Amino acid sequence: MAEESNPREQGSKITLRAKDYAQWYQDVVRCADLAEPAEVVRGCMVIKPHGYAIWEKIQAELDRRFKALGHQNAYFPLFIPESFIRKEAEHVEGFSPELAVVTIGGGKELAERLIVRPTSETIIGHFFSKWISSYRDLPLKINQWANVVRWEMRPRVFLRTTEFLWQEGHTAHASHEEAVEETLQMLNVYESFAREFMAMPVIAGRKTPSEKFAGALTSYTIEAMMQDGRALQAGTSHDLGQNFGKAFDVKYLSKEGKLEYVWQTSWGVSTRLIGGLVMCHSDDNGLVLPPKLAPIHVAVVPIYKSDGERTSVLEACNKLGGALRNRGLSVIVDDRDECKPGAKFFEWERKGVPARVEIGPKDLAKGHVAVKRRDGGDRFFVPRDGAPDRILSLMDEIQDSLRKRALEFRESHTRTCDSFAEFVEIMAGPEGFVRGGWCGDAACEAKVKETTKATIRCIPLNNPKESCPCMVCGKPAEERVIYAKAY
RNA sequence: CGGGGCGUAGCUCAGCUUGGCUUAGAGCGCGUGGUUUGGGACCACGAGGUCGCGGGUUCGAAUCCCGCCGCCCCGACCA
């Protein structure tokens with residue numbers, strides 16, 4: 001049905017996933033009214049109310065989790081003096097190509113150019129050095145919700161926009177051990193959030209040196225699989241070592257009276273998560289949302305002909321709506337007179353509302369309501385009395401079902417491979433994840449990228465040691481890593 | 001940055017090759033009135049456009065020429 005060339009479908013047409021995955025993604029984003037390309041500003045997007053509501057839900061839960069672990073929110077300047085960026089050699093090299101620079105302010109050329117922050121390690125490092133003087137000031141655990149700008153070559157709504165929203169956590173510790181612990185703890189927060197709230201299973205692991213954050217000692221990541229088999233880096237957590245501590249002179253006096261550099265971490269997730277959410281669960285009819293992140297849980301659609309029917313049907317709808325709201329659900333009773341029920345069904349379906357309830361004269365007579373879940377299956381009926389509780393428990397079922405479905409998809413698209421020739425063949429096809437050995441040589445990693453465009457997404461945490469051949473050179477390797485093409 | 005596409009009504013586009021037959025059009029959307037309402041309703045009337053910008057050619061330019069700007073898509077980078 002998504003392919004009908006009915007003129008009234010213009011602007012709301014969704015390309016089939018199997019036909020053109022990239023176009024399908026854009027269509028779902030547009031039809032679900034999540035965001036639109038800003039057009040007047042290259043690479044930027046307008047996050048529309050329905051999309052922003054999802055972001056607010058993501059924010060609320062992550063913020064809760066961060067604070068529960070002792071982090072405090074703060075806010076740092078949008079502009080960073082150019083000299084700050086230059087203080088950490090690897091950092092400047094990594095970010096230079098994608099910086100936006102302000103050269104004029106108030107009509108006058110600036111004495112020092114200002115960088116629109118691409119990330120805040122440098123300016124936060126500067127302030128940490130002012131705030132930290134004793135081991136008693138540590139650990140310092142700060143989080144910032146902010147926008148950042150990276151002049152990417154090819155923007156894509158949510159997945160890679162010039163400006164995006166994110167949170168960046170920055171912490172300083174007295175020991176490397178404690179910093180590593182923090183890095184892994186926050187990676188774990190991301191992993192569990194993705195699994196529990198987004199219903200998106202991810203593989204948590206370590207980046208190879210060539211893929212790590214510019215300026216970090218070690219970077220960790222969570223990698224999700226999209227429905228086209230590609231990987232999405234959904235969040236990162238970095239062990240910064242003393243690199244920024246040394247660059248910004250962040251020192252403290254230890255208990256023993258010695259002056260030491262702090263050990264820092266940084267970690268972030270962004271509005272890219274929304275893109276991941278879309279690509280993980282949605283289908284040819286539009287957006288599919290896990291209930292825990294859905295701005296609207298239930299759409300109640302009244303069906304009536306006469307005015308008399310309208311009154312009694314709407315009364316029943318509002319009563320059910322109230323009962324559902326009392327159970328903590330967000331409900332819309334779609335009492336618009338100007339469109340027919342069918343149009344309403346399509347609209348809420350496209351927007352990913354997890355469940356739809358229909359109430360009409362027939363239902364009133366039979367004492368039940370009709371329920372349709374967005375994630376599939378036929379419409380079914382539940383008695384009116386038990387409907388609120390049944391629909392509440394349905395939310396958990398949908399959440400769980402989406403997670404299981406995504407996990408099964410990932411598992412059925414993950415292959416173990418020992419031969420480079422076979423690997424090249426896999427990457428030419430419908431893709432997916434490949435578990436293959438890696439000897440640790442950057443040359444082998446580079447060869448994979450050159451020939452297939454795939455990369456090592458991560459070396460999974462708690463990876464079982466396994467003697468296997470390096471998938472590229474055949475030399476002995478100690479463990480398998482995740483190879484995939486990425487967004 | 002390389003390759004491709006596009007800029008005409010709120011949206012999607014036709015018209016451009018062969019300049020005048022257009023007083024710039026269509027569908028969708030929007031407004032008003034009526035009939036409708038269990039999977040995208042229909043009829044009637046109506047509002048809405050300096051044809052991306054700047055030059056040029058011509059009696060005459062959305063259409064031809066030159067220059068500029070912008071956006072989207074496909075490749076090399078990232079959260």
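What you see is a predicted model, and the numbers here were worked out from it, not measured in a lab. Chain letters run A, B, ... following the sequence lines, proteins first, then strands; residues in each count from 1.
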Subject >> Nearest-angstrom distance, P atom, B:C65 to B:C13 >> reply: 23 Å
Subject >> A:Q167 side chain near B:A79 phosphate (N/O to OP1/OP2, under 4.0 Å) >> reply: no
Original post:
Can a side chain N or O of A:K305 be found less than 4.0 Å away from OP1 or OP2 on B:U36?
Top reply: no
Original post:
For atom C1', what is the distance between B:U18 and B:G7, given to the nearest Å?
Top reply: 24 Å
Original post:
So what does the secondary structure string of RNA chain B come out as, 5' to 3', with Watson-Crick or wobble pairs under 3.5 angstrom, [ ] for crossing and | for pairs with another strand?
Top reply: (((((((..((((......[....)))).((((((.....)))))).....(((((..]....))))))))))))....
**OP:** Using the P atoms only, state how far B:U63 lies from B:G56, rounded to an integer number of Å.
**Re:** 14 Å
Original post:
Has the side chain of A:D283 got a donor or acceptor atom that lies under 3.5 Å from a matching backbone atom of A:G286?
Top reply: yes
Original post:
How far, in whole Å, is B:C42 from B:U37 if one measures between their P atoms?
Top reply: 14 Å
Subject >> Of the listed nucleotides B:G38, B:C72, B:A79, the one nearest the side chain of A:P37 >> reply: B:C72
Original post:
Is the phosphate of B:G75, meaning OP1 or OP2, less than 4.0 Å from a side-chain N or O of A:R154?
Top reply: yes
Original post:
Ring centroid separation for A:F423 and A:Y483, is it under 6.0 angstrom?
Top reply: yes
Subject >> A:D307 CG to B:U36 P, straight-line distance once rounded to whole Å >> reply: 11 Å
Subject >> A:K449 side-chain N/O to B:C77 phosphate OP1/OP2 under 4.0 Å >> reply: yes
Original post:
For RNA chain B, whose closest nucleotide is more 5', that of A:A22 or that of A:T271?
Top reply: A:A22
Original post:
Hey, is A:F346 doing a stacking thing with B:G40, by the 5.5 Å centroid and 30° angle criteria?
Top reply: yes
Subject >> Side-chain ion pair, A:K366 and A:D363, N-O less than 4.0 Å >> reply: no
**OP:** Look at all strands and tell whether A:E358 reaches a base, only sugar-phosphate, or nothing, counting heavy atoms closer than 4.0 Å.
**Re:** base
Original post:
Is A:F164 stacked on the base of B:A79, meaning ring centres closer than 5.5 Å and planes within 30 degrees of each other?
Top reply: yes
Subject >> Distance between P atoms of B:G38 and B:A26 (Å, rounded) >> reply: 31 Å
Original post:
Got a donor-acceptor pair under 3.5 Å from the side chain of A:R356 to the base of B:G39?
Top reply: yes
**OP:** Can you tell me, in whole Å, how much space there is between the C1' of B:G20 and that of B:G15?
**Re:** 14 Å
**OP:** Confirm from the modelled atom types if A:E349 and B:G39 form a donor-acceptor pair under 3.5 Å, side chain to base only.
**Re:** yes
